[in-house]
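One structure below.
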Amino acid sequence: DRDLRDLVWSADGARLYAGVGGDWDWQVWEIPVDGGPIAVLAREAAAIGNLALSPDGTRLAFGAAPELDYPYN
């Protein structure tokens, strides 16, 4: 039921980081390629995007919004 967005591979190719959306609970997942359990690194955001991994693979950055405001709706 979720949309996968902003997929970023780790430098060693062992993990995939994904911004995952759905129903006002956007999350950031760390998905191991070896089939291990998925780790939820962030959750409960109204929107998440622009995932970026540092060159040495030790830091993951992303933008997140706690809520969305639609002033003209």
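By convention here, the first residue in the shown sequence is residue 1.
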Handout entry: side chain to side chain donor-acceptor pair (under 3.5 Å): pairs with one or both residues in residues 41-57, sequence neighbours excluded
Key = Ser54-Asp56, Asp56-Thr58

Fill in the blank from the handout: When every non-hydrogen atom of Glu30 is compared with those of Leu41, the smallest separation belongs to CB-CD1, 4.0 Å

Problem - Cluster link Val20 to Val8, ILVMFWY, side chain under 4.5 Å - result: no

Exercise for the section: For Ala18 and Ile31, work out which heavy atoms get closest and say how close. Expected result: CB-CD1, 4.3 Å

Practice task
Provide the closest heavy-atom pair for Asp6 versus Gly49 in the form atom of the first, atom of the second, distance.
Solution key: OD2-CA, 2.9 Å

Handout entry: Considering all heavy atoms, the nearest Leu51-Gly19 contact
Key = CD2-N, 3.8 Å

Practice task
Give a yes or no on whether Trp29 and Leu60 share a hydrophobic cluster (residues Ile, Leu, Val, Met, Phe, Trp, Tyr; joining criterion: side-chain heavy atoms under 4.5 Å apart).
Solution key: no

Exercise for the section: Please identify each residue that fulfils side chain to side chain contact (heavy atoms under 4.5 Å, CB included) with Ala46, with sequence neighbours left out. Expected result: Trp24, Leu68

Handout entry: Test side chain to side chain donor-acceptor pair (under 3.5 Å) applied to Asp12 - qualifying residues, sequence neighbours left out
Key = Ser10

Exercise for the section: May I ask whether Phe62 and Leu7 are part of the same hydrophobic cluster, defined by side-chain heavy atoms of I, L, V, M, F, W, Y residues being less than 4.5 angstrom apart, directly or through others? Expected result: no

Exercise for the section: For the pair Tyr17 and Leu53, evaluate side-chain contact (heavy atoms from CB on, under 4.5 Å) and give the outcome as yes or no after the intermediate values. Expected result: CA-CA 9 Å; Tyr17 297 95; Leu53 194 60; 4.1 Å; yes

Problem - Interatomic distance, Asp34 atom CG to Arg15 atom CZ [nearest 0.5 angstrom] - result: 10.0 Å

Practice task
Taking all non-hydrogen atoms of both residues into account, name the closest pair between Gln27 and Val40 and its distance.
Solution key: OE1-CG1, 3.8 Å

